[in-house]
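Presented below is the structure to which this report refers.
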Amino acid sequence: MTETKETTASEVRVRFAPSPTGYLHVGGARTALFNWLFARKRRGTMILRIEDTDAERNKPELVTGIIEGLKWLGVDWDEGPFYQSQRTEFYREMGRKVLASGHAFLCYCPPEKYVGGDHAEEGAESVKVRKITRCTCREGKPSTPGTKPAVRFKVPVGGTTKFYDAVFGEREFSNDEIEDFVLLRSGKESEEFGQAMYQMSVVADDIDMRITHVIRGADHISNTPKQVLLYRALGAEPPIFAHVPLILGPDKSRLSKRHGATDVNMYRREGFLPEAFRNFLALLGWSPGGDEEYLRTSDLLEKFSLEGVSRTNGVFDRAKLEWFNTQYLQKLPIEDLLPEVEARLKEDGLWKDEWAAGAGHEWFSRTVDLLRPRVRLLPDFSSWSRAFFSDEFAIDPAAKAKFWKDEKVPGLLAKLADALGALTEWNHDACDHASRKVAEEGGVKAGLLINATRVAIVGQAVAPPLFDTMVVLGQERVVRRLRDALKEWK
RNA sequence: GCCGCUAUGGUGCAACGGUUAGCACGUAGCCCUUUCAAGGCUAAAAUACGGGUUCGAUUCCCGUUAGCGGUACCA
């Protein structure tokens, strides 16, 4: 049914199968990343499948956000996106097939009345233990004749179901612990059956799409035996599973909105570099085995393996993510960084086209290079470093208070403006000498003048080394800003 | 409740029977100095607990505890 390219039996085929009931959260993003790394490393095929079989909870518009997030992360796919909502008849057919083969039965119990499962008794005093029970429909005796039936899988009595997990190893579950799960919902009105349930549609698709490795969150471990049973009932060989541990919040509970940003697109908006985010994510629950941490995508591709995936849930540590971002900001080849900064400046209305090529581009490159060691997030280029890209910038009151409190400052700045304005050469050393001379003549330590000057020309207490800053800003601008600063004392 | 998984500093990972238990983030302190949100150095900080197995356990086994997951006509 699905159109796929010809593949050899040994080719790896994986899929990322998000459900559009929310945005792309970091846990899903990491699952996607692991699938992608595995597929690319093994020269296999990556498939994107949207699991939207729950009409009640799905919001189609969320798919756009998920795809956007994946693209930002650099996760691409070879087939899809496939939408399960468009394959409902296929799942129904598969469900009927299971039914026809005797591996399923028609269940007439209303959902609330179903006796299977082992839900804890809600009762106040004693908590009664309920073993899994099998309803009478299973034996062909409809419990509530006249209602529309659902299709339930007929879990074997006794025995165990095993599967191999590349992360957790050989797993074995007792069949008596598995309830007769629903394959097809009961139909509405004239329908014979309703929409397929998750277990039915994943297995049907994974067989149809010839998935070889199912890499997904560890929250699916207990679903797996059900799926294995389904594979067998359909006469198919189960794939290799690889369950990756979950991502937790700082309080060790499952990561959720109340822990702050969990939407991958939030990190894009906040100004993280995708490659830094990817590096951070890859190391949460996976390790190459050694101590290296700065792993660019090519390194991840080279080193990734399912064996390196950890079995323990991990806490999402934003501080470390930020550290990774500073590492990338500092170490990335400048030409890889420039486009990111450019996009940011454009977004913030600070971009000038003259920086796109030629001398302007060279200036832009030098300036970004000068700024990068002190920047943490992309937006810092247009906020903290605004004075480098625009003449309209504010002077930080705290910086003023700290470095302009000496009464000699205005006089010194005026003298400096004259001295710098008179320079015929404009470079680091010329600025350095001129400034120190002014300080000396004014009878103050060079630091006093230097700090005061920094505040005047960039408006911040923290900035790159002053004379490098002057060179980049240019003579005319520096002198003008010094003169402008003088107005602050009037 | 029941079933399952997991357990190394605050956090992420190393050590896959023998190490003074390693690295990184974060934290604290020091240095550099022209600022620090840059750089350098140092420090504090861990094998959850109790039993085994073994000449020897972080590592293997059992129990306890804790956390997490599942227990839907959700995915």
Side-chain angles (χ1 to χ4, degrees), chain A residues 17-21 51-54 56-58 84 107 109-112 114 117-121 126-132 148-152 168 171 173-174 176-179 181-186 193-199 201-202 217-225 243 245-246 248 250-254 280 283-294 308 310-324 326 330 372-376 380 384 399 402-403 432 435 445-455 458 460-467:
Chain A
S19 170
T21 52
E51 308 217 318
D52 52 353
T53 52
D54 184 355
E56 312 275 292
R57 302 198 310 158
N58 288 317
Q84 289 195 324
C107 181
C109 302
E112 335 71 69
Y114 179 63
D118 74 325
H119 316 281
E121 205 90 329
S126 67
V127 182
K128 289 193 187 120
V129 181
R130 286 208 313 193
K131 289 298 276 181
I132 298 252
K148 295 214 125 197
V151 176
R152 278 186 193 274
F168 289 88
R171 293 291 110 182
F173 287 80
S174 163
D176 293 334
E177 302 291 344
I178 305 170
E179 83 256 20
F181 52 100
V182 174
L183 261 25
L184 261 31
R185 292 173 168 92
S186 49
F193 298 119
Q195 287 249 307
M197 291 282 289
Y198 171 72
Q199 314 290 0
S201 52
V202 246
D219 50 339
H220 285 288
I221 290 178
S222 23
N223 283 328
T224 309
H243 288 99
L246 302 177
L248 312 177
D251 62 353
K252 303 276 184 98
S253 70
R254 197 174 175 168
F280 167 74
L283 256 21
L284 224 186
W286 172 77
S287 160
D291 284 337
E292 320 95 293
E293 292 208 296
Y294 181 81
S310 142
R311 285 177 298 275
T312 60
N313 295 167
V315 173
F316 186 89
D317 182 3
R318 189 188 158 101
K320 186 139 190 183
L321 167 60
E322 287 188 13
W323 176 79
F324 267 111
T326 64
Q330 288 180 42
R372 67 200 292 203
R374 265 157 269 254
V375 168
R376 298 188 76 80
D380 293 337
W384 179 76
K402 188 173 179 192
F403 294 124
D432 190 336
S435 303
K445 293 209 311 199
L448 176 75
L449 175 63
I450 286 166
N451 289 331
T453 304
R454 179 179 305 105
V455 176
V458 299
Q460 301 284 144
V462 176
L466 185 69
F467 305 120

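A, B, ... follow the sequence lines: proteins, then strands. Residue 1 opens every chain.
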key: Rounded distance (Å) that lies between atom P of B/G22 and atom CG of A/Asp291   = 11 Å
key: Mate of B/G69 where both pairing distances stay under 3.5 Å, Watson-Crick or G-U   = B/C3
request  = Nearest whole angstrom, please: distance from the C1' of B/G10 to the NZ of A/Lys320.
outcome  = 13 Å
request  = Please state the P separation for the pair B/U47 and B/U59 - nearest whole angstrom.
outcome  = 12 Å
query = Closest heavy-atom contact between A/Leu284 and A/Val315?
reply = CD2-O, 3.9 Å
query = In the strands shown, is B/A15 matched to any nucleotide by a Watson-Crick or G-U wobble pair with both distances under 3.5 Å, and which?
reply = none
inquiry  = Taking B/C49 as the reference, what is the distance to B/A57 when you measure between their C1' atoms (whole Å, please)?
reply    = 16 Å
inquiry  = Taking B/G56 as the reference, what is the distance to B/G18 when you measure between their C1' atoms (whole Å, please)?
reply    = 7 Å
inquiry  = Categorize A/Phe168 for me: base, sugar-phosphate, or nothing, with a 4.0 angstrom heavy-atom threshold over every strand shown.
reply    = sugar-phosphate
Minimum-distance nucleotide to A/His220 side chain [options: B/C25, B/U35, B/A75] = B/A75
remark   = Side-chain atoms of A/Arg454 come closest, of B/U34, B/A24, B/C73, to B/U34
message = Classify A/Leu466 by what it touches in the nucleic acid, base, sugar-phosphate, or nothing, heavy-atom distance under 4.0 Å.
response = base
message = So does A/Leu283 get a backbone contact from the side chain of A/Ser287, meaning a donor-acceptor N/O pair under 3.5 Å?
response = no
ask   = If you look at every strand shown and take non-hydrogen atoms under 4.0 Å, does A/Pro245 touch a base, only sugar-phosphate, or nothing?
value = nothing
query = Which part of the nucleic acid, if any, lies within reach of A/Gly285 when heavy atoms closer than 4.0 Å are counted: base, sugar-phosphate only, or nothing?
reply = sugar-phosphate
Spacing between A/Phe280 atom CZ and B/C25 atom C1', to the nearest angstrom = 10 Å
task = Using a 4.0 Å heavy-atom cut-off across all strands, classify A/Ala446 as base, sugar-phosphate, or nothing.
result = nothing
query = Of all the nucleotides listed (B/C73, B/C25, B/A14), which has the minimum atom distance to the side chain of A/Ser287?
reply = B/A14
ask   = Is it true that a side-chain atom of A/Arg152 and a backbone atom of A/Cys107 form a donor plus acceptor pair closer than 3.5 Å?
value = no
ask   = With a non-hydrogen cut-off below 4.0 angstrom, is A/Gly289 in contact with a base, only sugar-phosphate, or nothing?
value = sugar-phosphate
query = Reckon A/Arg374 has a side-chain N or O less than 4.0 Å from the OP1 or OP2 of B/G39?
reply = no
task = Sticking with atom P, work out how far B/C13 lies from B/C30, rounded to a whole angstrom.
result = 33 Å
Phosphate OP1/OP2 of B/U6 contacted by A/Lys252 side-chain N/O (<4.0 Å) = no
request  = Could you check which nucleotide pairs with B/U54 in any of the strands shown, counting Watson-Crick or G-U wobble with both distances under 3.5 Å?
outcome  = none
inquiry  = Nearest 0.5 angstrom please: A/Arg311 CZ to A/His243 NE2, how far?
reply    = 14.5 Å
Euclidean distance for P, B/U54 against B/C61 (whole angstrom) = 16 Å
ask   = Can you tell me the Watson-Crick or wobble partner of B/U8, both distances under 3.5 angstrom?
value = none
query = Rounding to a whole Å, what distance do you find between A/Leu184:CG and B/C73:C1'?
reply = 10 Å
Option passing ring pair (Phe, Tyr, Trp, His ring centres under 6.0 Å) with A/Phe280 (candidates A/Trp286, A/Phe316, A/Tyr294) = A/Phe316
note = On a heavy-atom basis, the closest approach of A/Val458 and A/Ala463 is CG2-CB, 3.8 Å
ask   = Choosing from B/C25, B/U35, B/A75, which nucleotide comes nearest the side chain of A/Glu51?
value = B/A75
message = Quick check on B/G4: is either OP1 or OP2 less than 4.0 Å from any side-chain nitrogen or oxygen of A/Arg171?
response = no
task = Kindly say if A/Gln460 contacts the phosphate of B/A37, meaning a side-chain N or O under 4.0 Å from OP1 or OP2.
result = no
task = Quickly work out the A/Phe324 CZ to B/C13 P distance and round it to whole Å.
result = 11 Å
query = If the P atom of B/G17 is compared with that of B/U58, how far apart are they to the nearest Å?
reply = 13 Å
request  = Give the nucleotide from the list B/A37, B/C2, B/U6 with an atom nearest to the side chain of A/Trp384.
outcome  = B/A37
task = Kindly point out which of B/C73, B/U35, B/G39 is positioned nearest to the side chain of A/Gln330?
result = B/G39
Between B/U71 (P) and A/Ile221 (CD1): distance, integer Å = 13 Å
query = Taking NZ, NE, NH1 and NH2 as the nitrogens, is one of them in A/Arg254 or A/Asp219 under 4.0 Å from a carboxylate oxygen of the other?
reply = yes
message = Starting the side chain at C-beta, find the nucleotide from B/C73, B/U11, B/U35 nearest to A/Asp317.
response = B/U11
key: Base-pairing assignment for B/C41 (Watson-Crick or G-U wobble, both under 3.5 Å)   = B/G29
query = Does the side chain of A/Arg318 get closer than 4.0 angstrom to OP1 or OP2 of B/G10 through an N or O atom?
reply = no
query = Of all the nucleotides listed (B/G12, B/U6, B/G70), which has the minimum atom distance to the side chain of A/Val315?
reply = B/G12
note = 5'-most contact on RNA chain B (nearest-nucleotide basis), A/Ser222 vs A/Met197, goes to A/Ser222
ask   = Does A/Arg311 place a side-chain N or O at less than 4.0 Å from the phosphate oxygens OP1/OP2 of B/U6?
value = yes
message = Could you measure the distance from the CZ atom of A/Phe168 to the CD1 atom of A/Ile221? Nearest 0.5 Å is fine.
response = 4.0 Å
message = When the C1' atoms of B/A7 and B/A46 are compared, how many Å lie between them, rounded to an integer?
response = 12 Å
query = Nearest-Å distance, CG (A/Asn313) to P (B/G67)?
reply = 13 Å
message = Nearest to the A/Thr312 side chain among B/G69, B/U6, B/C73, which nucleotide is it?
response = B/U6
ask   = Of all the nucleotides listed (B/C73, B/U34, B/G69), which has the minimum atom distance to the side chain of A/Leu246?
value = B/G69
Base-pairing assignment for B/C49 (Watson-Crick or G-U wobble, both under 3.5 Å) = B/G63
query = Starting at the 5' end of RNA chain B, which residue's closest nucleotide do you reach first, A/Asn223 or A/Arg376?
reply = A/Arg376
query = Between B/A44 and B/A37, how far is it from one P atom to the other, in whole Å?
reply = 25 Å
message = In the structure I gave you, are the side-chain heavy atoms of A/Phe467 and A/Ile450 within less than 4.5 Å of one another anywhere?
response = yes
key: Distance in angstrom units between A/Phe467 CZ and B/U33 C1', rounded   = 12 Å
inquiry  = Is there a side-chain contact between A/Ser186 and the phosphate of B/C73, meaning an N or O under 4.0 Å from OP1 or OP2?
reply    = no
request  = Taking the side chain as every heavy atom from C-beta outward, state whether A/Arg374 and A/Val462 have any pair of such atoms under 4.5 Å apart.
outcome  = yes
